[in-house]
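The structure appears right after this line, and notes come after that.
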Amino acid sequence: MYEVVRQIPRGCVASYGQVAFLAGNPRGARGVGFAMHRSPEPGGIPCHRVVFKDGGLCGGLAFGGEGIQRALLEEEGVVFLPDGRVDMARCGWLK
DNA sequence: CTATTGACCAGGG
DNA sequence: GCCCTGGCCAATA
């Protein structure tokens with residue numbers, strides 16, 4: 001599953017469920033999230049590119065900051081909506 | 001090896 | 001339309 005996350009191109013985002021599906025676990029969205037949380041290679045796994053199916057972030061328990069994920073994604077060219085969510089329509093992976 | 005938890009997702013009230 | 005509940009997978013203790 002780590003491979004799948006690693007394959008996410010720069011400037012794109014994928015939902016936990018999407019990653020789980022590509023990883024071969026359509027129902028393992030939860031496991032995916034936890035696997036990232038305790039990822040063996042923190043630097044090799046762009047957890048910030050993985051968000052909810054809605055494009056929403058985890059909410060402060062990730063990476064060590066609230067706006068960190070947003071800042072990183074914006075830095076990569078990901079567009080954020082006024083809602084505070086990622087624009088899945090334009091930056092969503094395989095979309 | 002078994003039990004509990006955790007950054008999810010979908011359905012029902 | 002929003003809030004609560006249930007079920008899956010993976011990892012850690």
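In what follows, chains are A, B, ... by sequence order, proteins preceding strands, each numbered from 1.
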**Fill in**
Within residues 9-19 of chain A, those residues having any heavy atom closer than 4.0 Å to DNA chain B are Y16(A), G17(A)
**Item:** Per-nucleotide protein contact string for nucleotides 3-13 of chain C, where B marks a base within reach and S marks sugar-phosphate only (heavy atoms under 4.0 Å, - for neither)
**Value:** ----BBBSBS-
**Prompt:** Does a sphere of radius 6.0 Å around CZ in R6(A) hold more than 12 heavy atoms from other residues, nucleotides or ligands, not counting ones at 6.0 Å or beyond?
**Reply:** yes
**Message:** Counting only heavy atoms from other residues, nucleotides and ligands, does the tally under 6.0 Å from CZ of F21(A) exceed 12?
**Reply:** no
**Message:** If you define the side chain from C-beta out and look only at heavy atoms, does anything of F52(A) sit under 4.5 Å from R85(A)?
**Reply:** no
**Check: V13(A) main-chain N/O paired with Q18(A) side-chain donor or acceptor under 3.5 Å** = no
**Asked** V79(A) and R90(A): which non-hydrogen atoms are nearest, and at how many Å?
**Response** CG2-NH2, 3.3 Å
**Item:** Interatomic distance where CE belongs to M36(A) and P belongs to dA7(B) [whole Å]
**Value:** 14 Å
**Message:** Is there a side-chain contact between L22(A) and Q7(A) in this structure, where contact means two heavy atoms from C-beta onward sitting under 4.5 Å apart?
**Reply:** no
**Item:** Whether over 12 other heavy atoms sit under 6.0 Å from E75(A) CD
**Value:** no
**Message:** With clusters defined by side-chain heavy atoms of hydrophobic residues (ILVMFWY) lying less than 4.5 Å apart, directly or transitively, does V86(A) cluster with W93(A)?
**Reply:** no
**Fill in**
Here the distance between atom P of dC8(B) and atom CZ of R85(A), to the nearest Å, is 13 Å
**Message:** Please report the distance, rounded to the nearest Å, between CG in L57(A) and C1' in dC8(B).
**Reply:** 14 Å
